[in-house]
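To start, the structure under review is shown below, and the notes come after it.
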Amino acid sequence: MTLSRSEQILTAFAAAAVGTTGLGNRIYRDREQAFARDEMPALLIEPGSETDDILTTTETITSHLIINADLFINGAPLSTVADPIRVALHSRIMTNAPLLALVISIYPQSREWEPEVRDLGAVRIRYIATYRNNLVDLTLP
């Protein structure tokens with residue numbers, strides 16, 4: 001079965017993140033269990049929301065997908081430990097040819113630092129990806 005364009009984008013986003021300095025291959029999609037300390041830092045990639053603009057004259061949908069990339073950190077201070085990972089991730093996302101081929105544009109939208117207890121915390125990094133779909137088939141541009 002062919003994946004929807006939004007799922008193709010999320011998959012490509014996760015693939016682009018692999019090898020990010022400090023993360024290695026600790027990149028997950030839709031993980032339900034909590035991260036253990038020895039699994040951090042880790043990145044969890046999930047869809048946030050999606051909105052559509054429909055153009056009936058061309059039978060296309062222009063969609064705006066919010067991608068939540070949650071960076072889980074074991075170290076303090078959170079912003080200092082997370083920063084080099086965040087910088088490396090951003091570079092990989094913004095220059096990844098397979099991901100960029102799926103979208104019209106992708107831009108960072110926001111960041112939220114969420115310190116937990118002592119040396120645990122998370123940074124929610126949001127990207128907005130704009131792409132086109134066929135009106136009758138969500139797998140096609």
Side-chain angles (χ1 to χ4, degrees), residues 1-117 119-141:
M1 180 173 174
T2 304
L3 299 174
S4 69
R5 291 288 284 184
S6 59
E7 190 58 34
Q8 291 173 41
I9 292 165
L10 291 163
T11 300
F13 189 100
V18 172
T20 297
T21 302
L23 283 178
N25 63 353
R26 292 182 307 274
I27 292 119
Y28 302 91
R29 285 286 327 260
D30 302 321
R31 180 177 163 133
E32 293 183 17
Q33 65 269 30
F35 290 103
R37 284 182 183 265
D38 64 347
E39 292 181 294
M40 295 182 200
L43 186 69
L44 177 63
I45 298 165
E46 298 178 307
S49 64
E50 197 165 8
T51 58
D52 300 321
D53 298 320
I54 299 173
L55 248 162
T56 54
T57 55
T58 59
E59 296 195 1
T60 60
I61 303 170
T62 301
S63 298
H64 310 281
L65 171 65
I66 302 297
I67 300 170
N68 290 332
D70 295 332
L71 177 58
F72 293 90
I73 297 292
N74 177 11
L78 174 62
S79 62
T80 303
V81 174
D83 195 62
I85 299 170
R86 188 173 66 89
V87 168
L89 173 66
H90 179 76
S91 178
R92 292 183 72 82
I93 295 305
M94 299 304 289
T95 61
N96 184 269
L99 173 59
L100 296 176
L102 292 170
V103 299
I104 297 168
S105 64
I106 187 165
Y107 295 108
Q109 185 185 48
S110 64
R111 285 140 314 278
E112 296 173 25
W113 284 262
E114 300 174 7
E116 298 289 328
V117 291
D119 60 347
L120 295 178
V123 180
R124 170 161 280 179
I125 307 163
R126 286 192 182 96
Y127 282 84
I128 183 163
T130 301
Y131 66 97
R132 271 207 189 91
N133 263 341
N134 182 291
L135 187 58
V136 296
D137 187 343
L138 294 180
T139 67
L140 298 175

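Contact record, Pro41 with Ile73: CB-CD1, 3.9 Å, taken as the closest heavy-atom pair. Leu135 and Ile54 get closest at one heavy-atom pair: CD1-CG2, 3.8 Å. In terms of heavy atoms, Glu50 sits closest to Ser63 at OE2-CB, 3.9 Å. For the residue pair Ile45 and Arg29, the shortest heavy atom distance occurs at O-NE, 3.1 Å. Heavy atoms only, all atoms of each residue included: Gly24 and Ile27 are closest at O-CD1, 3.4 Å. Heavy atoms only, all atoms of each residue included: Leu44 and Asp30 are closest at CD1-N, 3.7 Å.
For Arg111 (side chain) and Val123 (main-chain N/O), no donor-acceptor pair under 3.5 Å exists by modelled atom type.
No more than 12 heavy atoms of other residues, nucleotides or ligands shown are found within 6.0 angstrom of CD on Glu59. At most 12 non-hydrogen atoms from other residues, nucleotides or ligands lie less than 6.0 angstrom from CG of Asn25.
Residues Leu65 and Val103 have side chains not in contact (no heavy-atom distance under 4.5 Å, counting atoms from C-beta outward). Counting only heavy atoms from C-beta outward, the side chains of Glu114 and Leu78 never approach each other to under 4.5 Å.
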Validation: residues 8-21 side-chain donor-acceptor distances under 3.5 Å, sequence neighbours left out:
| unit_1 | atom_1 | unit_2 | atom_2 | d |
| --- | --- | --- | --- | --- |
| Gln8 | NE2 | Leu3 | O | 2.7 |
| Thr11 | OG1 | Glu7 | O | 2.9 |
| Thr20 | OG1 | Ala17 | O | 2.6 |

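In this structure, the separation between CG on Leu99 and CE on Met94 is 9.0 Å, given to the nearest 0.5 Å. From Ile67, atom CD1 reaches atom CD1 of Ile93 across 7.5 Å, with rounding to the nearest 0.5 Å. Put simply, CG on Asp53 and CZ on Arg132 are 10.0 Å apart, with the number rounded to the nearest 0.5 Å. Here the straight-line distance linking atom CZ of Arg126 with atom CG of Asp70 works out to 8.0 Å at 0.5 Å rounding. Atoms CD1 and CD, from Ile66 and Glu46 in turn, are 14.0 Å apart once rounded to the nearest 0.5 Å. In this structure, CG on Asn68 lies 10.0 Å from CD1 on Ile125, to the nearest 0.5 angstrom.
Taking the ring-ring contact (aromatic ring centres under 6.0 Å, His included) definition, one finds that Tyr131 meets it with nothing, sequence neighbours left out.
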